[in-house]
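Right, one structure below, let's go through it.
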Amino acid sequence: METIRLLEKLSDPDQISRQDLDHLKKVLVSFLASERDKGTRFDLLKKLIRNYSRKEIELFELNQLKNKFIGMAAHDLRNPLISIKGFSDLLLTEDYGSMTDTQKEFISMIQSSSGTMLNLVNDILDIAVIESGKLLLKAESGPFGQLIKEKVKMNRIIAEKKCITIHQDLQKCPDVFFDSDRMGQVMDNLLSNAIKFSGQGTKINVEMTPFKNLVKVSVCDEGPGIPAEELDQLFGEFTKLSITPTAGEKSTGLGLSITKKIVVAHNGKIWVESEPGNGTIFFFSLPVSKSG
Ligand SMILES: Nc1ncnc2c1ncn2[C@@H]1O[C@H](COP(=O)(O)OP(=O)(O)O)[C@@H](O)[C@H]1O
Ligand SMILES: [Mg+2]
């Protein structure tokens, strides 16, 4: 206020005192200093933003390089693993000569280990492909219920070993636009998780319902449920949480991360409801296809 009054006085030099002028000078100096500071701060901010953008680009390029490298390594590992697994499958048929029990046991171990490694390599390959933006969906419009039925049928074979029953309640829904291999992976992962993390004799329920312009699918199990503090890590990469398989099944912690990426690539959404002691429900929704 004082400064404004003094500035007004400037129009009438007779009224202005030496003291007033000193005061105004001080104000001006500090104003210029703050302007100069502002300029410095602005330059600094500009420099920071420039550096940040450069680092972001570098990081993006390095990530692409990492994906390319991982993709190449995984791809090169895949073929020998397919051969090892294929030949051990073949030997176990005993079509090429009978084996002693010990030989069979060893070959079974080779078969199982190479199968596990192949799954891991396939998952890593999927992540690299999806992250590099090269996931090309071979999508067609069709009834999603058909795919659910196929996947439930296949997973029932695994579930039976743990006396787990899988029920399905599939309502009539409009067609959706989906890649059946990729969405098959989604169903396989949700069903295999429900089987893997649930105890003997429990039930799994798969539902499909129309909801506005979406088709909503849920996979509900009677397993241990997921602690609240772990829920937001669930869809991350290599996240094996406190819930572990109940019958020694293999776990890599990559399945749900791939699952989410595939659903999102279909313009869909995935979410979970779970409570320790009350089982887990995974939901996902896909938009109804225009022609559906
Ligand atoms: N239905 C479920 N019930 C309880 N925990 C689950 C369920 N599904 C996933 N999880 C937890 O989330 C983790 C990540 O799952 P996922 O990414 O599919 O990897 P993986 O099946 O290889 O362990 C699992 O290791 C488990 O701890
Ligand atoms: Mg899984």
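Counting convention: from 1, in listed order, for ligands and their atoms alike. Each residue takes its place number in the sequence, starting with 1.
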### Within-2.8 Å protein N/O/S contacts of the Mg ion (ligand 2)
Asn189 OD1, Asn193 OD1
### Task
Starting from Leu125, walk the hydrophobic network (Ile, Leu, Val, Met, Phe, Trp, Tyr; side-chain heavy atoms closer than 4.5 Å) and list everyone else you reach, by chain and number.
none
### Message
Are more than 12 heavy atoms, taken from residues, nucleotides or ligands other than Lys66, located less than 6.0 Å from that residue's NZ atom?
### Response
yes
#### Entry: Arg182 bridged to Asp126 by N-O distance under 4.0 Å
yes
#### Entry: Asn278-Glu222 side chain donor-acceptor pair, cut-off 3.5 Å
no
### Task
Tell me yes or no: between the side chains of Asp188 and Asn155, is some donor less than 3.5 Å from an acceptor?
yes
### Task
If the plane angle is over 60° it's perpendicular, under 30° parallel, otherwise tilted; pick one for Trp271 and Phe283.
parallel
### Query
What are the two closest heavy atoms between Ser274 and Thr280, and how far apart are they?
OG-OG1, 2.9 Å
### Task
Please list all pairs passing the side-chain hydrogen bond (donor to acceptor under 3.5 Å, both in side chains) test where one or both residues lie in residues 105-117, with sequence neighbours left out.
Asp89-Gln111
Extract all N/O-N/O pairs under 3.5 Å that connect ligand 1 to the protein, and present each with both atom names and the distance rounded to 0.1 Å.
| from | atom 1 | to | atom 2 | distance (Å) |
| --- | --- | --- | --- | --- |
| ligand 1 | 1 (N) | Asp221 | OD2 | 2.8 |
| ligand 1 | 8 (N) | Asn193 | ND2 | 3.4 |
| ligand 1 | 17 (O) | Gly255 | N | 3.2 |
| ligand 1 | 17 (O) | Leu256 | N | 2.7 |
| ligand 1 | 18 (O) | Asn189 | OD1 | 3.4 |
| ligand 1 | 18 (O) | Asn189 | ND2 | 3.4 |
| ligand 1 | 18 (O) | Asn193 | OD1 | 3.2 |
| ligand 1 | 18 (O) | Asn193 | ND2 | 2.9 |
| ligand 1 | 18 (O) | Leu256 | N | 3.4 |
| ligand 1 | 19 (O) | Gly253 | N | 3.3 |
| ligand 1 | 21 (O) | Asn193 | OD1 | 3.0 |
| ligand 1 | 21 (O) | Lys196 | NZ | 2.8 |
| ligand 1 | 22 (O) | Thr252 | N | 2.7 |
| ligand 1 | 22 (O) | Thr252 | OG1 | 3.4 |
| ligand 1 | 22 (O) | Gly253 | N | 2.8 |
| ligand 1 | 23 (O) | Ser251 | OG | 2.5 |
| ligand 1 | 27 (O) | Leu241 | N | 3.3 |
| ligand 1 | 27 (O) | Ile243 | O | 2.8 |

### Message
Before you tell me yes or no, could you show the steps for Glu230 and Lys240 under salt bridge (Lys or Arg N to Asp or Glu O under 4.0 Å), namely the whole-Å CA-CA distance, both residues' side-chain angles and the distance that decides it to 0.1 Å?
### Response
CA-CA 10 Å; Glu230 293 186 356; Lys240 295 193 217 175; over 6 Å; no
